[in-house]
Amino acid sequence: MLVLGIETTCDETAAAVVERADDGRGAILSNVVLSQIDQHAAFGGVVPEIAARAHVETVDLVVAQAMKDAGKTFAELDGIAAAAGPGLIGGVIVGLTTAKAIALAHRKPLVAVNHLEAHALTARLTDNIQFPYCLFLASGGHTQILAVRAVGDYIRLGTTVDDAIGEAFDKTAKLLGLGYPGGPRVEHIAQFADASRFPLPRPMQGRPDADFSFSGLKTALRLEAEAIAPLGDKDIADLCASFQQAVVEVVVDRLRSGLRIFRDRFGAPTSLVAAGGVAANQAIRKVLHRLAFEFGTVLVLPPAELCTDNGAMIAWAGAERLALGRQDMLDVAPRARWPLDELASARGALQRTAAYK
């Protein structure tokens, strides 16, 4: 099965062609990602209007390049998949509309993919893992712990009550004048600094649930920075290191609770999977290995280029759904918000509607 995937939910315009074999194994035939970082850097974050316009200008070229790299024609495809949310609605509309046009013109099935589901299923593309597994989804817009029981069957075990983990990294970088994107810069500067210099809090630590909170940590960092202003290079580095160490310890504590909840409700997970852009952080990856060993499971980490937004994960999620006979109508709507735990009920309603048409 060959599927074209289109991703435009934030500041990457991406397209890919993925093949799914009958035994469930996947292969990436092409994966083109065009970043908009340079266009947003001056603003210290993503500007939705600029992002949407950039998607309009480049999506056709990116799709054409993905098809060329794969050596395939539209006639050879078995389906067209696009991220239909959650995300910046202007960008989502661009990608989904493009996918609808291709599906209509070439008479191919359309799959409107939940962006979070695509992250959740990426490890099945890269490592062919089996259900059920525990997912730690950590990105600029999302921080969740999920039980992944099947395609379309996701149970949220924990989530952030305020900021996402990637958002906290980016805001910390902005506060310290490090520019955008902030996460990689904080990580780089923190490598050789003193992580014990500033006594930052570990929010939610020790609670029996698996929820996260990062707003208090950001506030504490700001107060520490203001107390010693003006900041020198060493001050900035030590603040980055102290912040990252606090985040790492919070992740360990919250994931430990999440894995306990998973084990109590669903038995032992086949694996612990990390996805989303923050999953590329090496300090976090190191402690995830320890946690997986502690709970007697294995850690599955997709390659860094598949942790951030990309078309291959959208194509794969589309292929997984098409393999189960699931597709969408051409009038499916884009969604700015689309929690994963709403996915099963929404799909059921859509399929019932389709059956009556």
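Everything numeric here is computed off the predicted structure, so don't read it as measured data.
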Rounded to the nearest 0.5 Å, how far does [atom2] of [Y] lie from [atom1] of [X]?
{"X": "R185", "Y": "T172", "atom1": "CZ", "atom2": "OG1", "result": "14.5 Å"}
{"X": "D78", "Y": "Q327", "atom1": "CG", "atom2": "CD", "result": "11.5 Å"}
{"X": "L88", "Y": "I93", "atom1": "CG", "atom2": "CD1", "result": "11.0 Å"}
{"X": "D209", "Y": "L157", "atom1": "CG", "atom2": "CG", "result": "11.0 Å"}
{"X": "I314", "Y": "E117", "atom1": "CD1", "atom2": "CD", "result": "9.5 Å"}
{"X": "L255", "Y": "E294", "atom1": "CG", "atom2": "CD", "result": "10.5 Å"}

Go through the steps for L178 and I236 under the test side-chain contact (heavy atoms from CB on, under 4.5 Å), then give the verdict. CA-CA 9 Å; L178 300 179; I236 292 173; 4.0 Å; yes
Taking atom CG of D264 as the centre, does the number of heavy atoms from other residues, nucleotides or ligands within less than 6.0 Å exceed 12?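 Yes, CG of D264 has more than 12 neighbouring heavy atoms, counting only those of other groups under 6.0 Å.
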Neighbour count above 12 (heavy atom, 6.0 Å) for H188 NE2: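 Not more than 12 within 6.0 Å, no.
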Linking I/L/V/M/F/W/Y whenever their side-chain heavy atoms sit closer than 4.5 Å, directly or via other members, would [X] and [Y] fall into one cluster?
{"X": "V151", "Y": "I80", "value": "no"}
{"X": "V46", "Y": "L34", "value": "no"}
{"X": "L137", "Y": "V250", "value": "no"}
{"X": "L299", "Y": "L259", "value": "yes"}
{"X": "L272", "Y": "I155", "value": "yes"}

side-chain contact (heavy atoms from CB on, under 4.5 Å) evaluation trace for L306 with I28: CA-CA 11 Å; L306 295 181; I28 300 173; 3.8 Å; yes
Between [X] (side chain only) and [Y] (backbone N and O only), is there a donor and an acceptor less than 3.5 Å apart?
{"X": "Q130", "Y": "N128", "result": "yes"}
{"X": "K171", "Y": "K218", "result": "no"}
{"X": "E7", "Y": "T9", "result": "yes"}
{"X": "T126", "Y": "P302", "result": "no"}
{"X": "K100", "Y": "V332", "result": "yes"}
{"X": "D211", "Y": "G158", "result": "no"}
{"X": "T13", "Y": "T58", "result": "no"}
{"X": "S30", "Y": "M67", "result": "no"}
{"X": "H40", "Y": "V47", "result": "yes"}
{"X": "D238", "Y": "D194", "result": "yes"}

Minimum heavy-atom distance [X]-[Y], with the two atoms named:
{"X": "I145", "Y": "C134", "answer": "CG2-SG, 3.8 Å"}
{"X": "L322", "Y": "G79", "answer": "CD1-CA, 3.8 Å"}
{"X": "A237", "Y": "A193", "answer": "O-CB, 3.2 Å"}
{"X": "G311", "Y": "A14", "answer": "N-CB, 3.5 Å"}
{"X": "Q36", "Y": "A54", "answer": "NE2-CB, 3.4 Å"}
{"X": "A225", "Y": "L176", "answer": "CB-CD2, 4.5 Å"}

Report the C-alpha distance between L301 and H289 in whole Å, list the side-chain angles of each, state the deciding distance to 0.1 Å, and finish with yes or no for side-chain contact (heavy atoms from CB on, under 4.5 Å). CA-CA 10 Å; L301 292 167; H289 279 286; 4.0 Å; yes
Do the rings of F214 and F212 sit parallel, tilted or perpendicular, given the 30° and 60° boundaries?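 Answer is parallel, since the angle falls under 30°.
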Do the ring planes of Y133 and F131 sit parallel (below 30°), tilted (30 to 60°) or perpendicular (above 60°)? parallel
Is a donor from one side chain sitting under 3.5 angstrom from an acceptor on the other, for [X] and [Y]?
{"X": "Q191", "Y": "E187", "value": "no"}
{"X": "E305", "Y": "N31", "value": "no"}
{"X": "Y180", "Y": "D11", "value": "yes"}
{"X": "D162", "Y": "S215", "value": "yes"}

Got [X] and [Y] here, is their nearest side-chain heavy-atom distance under 4.5 Å?
{"X": "P339", "Y": "N114", "answer": "no"}
{"X": "L29", "Y": "K72", "answer": "yes"}
{"X": "M313", "Y": "L125", "answer": "no"}
{"X": "V3", "Y": "R20", "answer": "no"}
{"X": "L116", "Y": "Y154", "answer": "no"}
{"X": "Q245", "Y": "S196", "answer": "no"}
{"X": "F262", "Y": "P132", "answer": "yes"}
{"X": "F74", "Y": "V63", "answer": "yes"}

Could you point out which residue of R25, R326, R124 forms a salt bridge (Lys or Arg N to Asp or Glu O under 4.0 Å) with E320? R124
Taking it one step at a time, do T122 and N310 satisfy side-chain contact (heavy atoms from CB on, under 4.5 Å)? CA-CA 10 Å; T122 298; N310 63 88; 5.7 Å; no
Would E57 and R53 pass as an ion pair if we require N to O under 4.0 Å? no
Short N-O contact, R207 and D253, less than 4.0 angstrom: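 Salt bridge absent between R207 and D253.
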F243-F198 aromatic ring centre distance below 6.0 Å: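 So the answer is no for these two rings.
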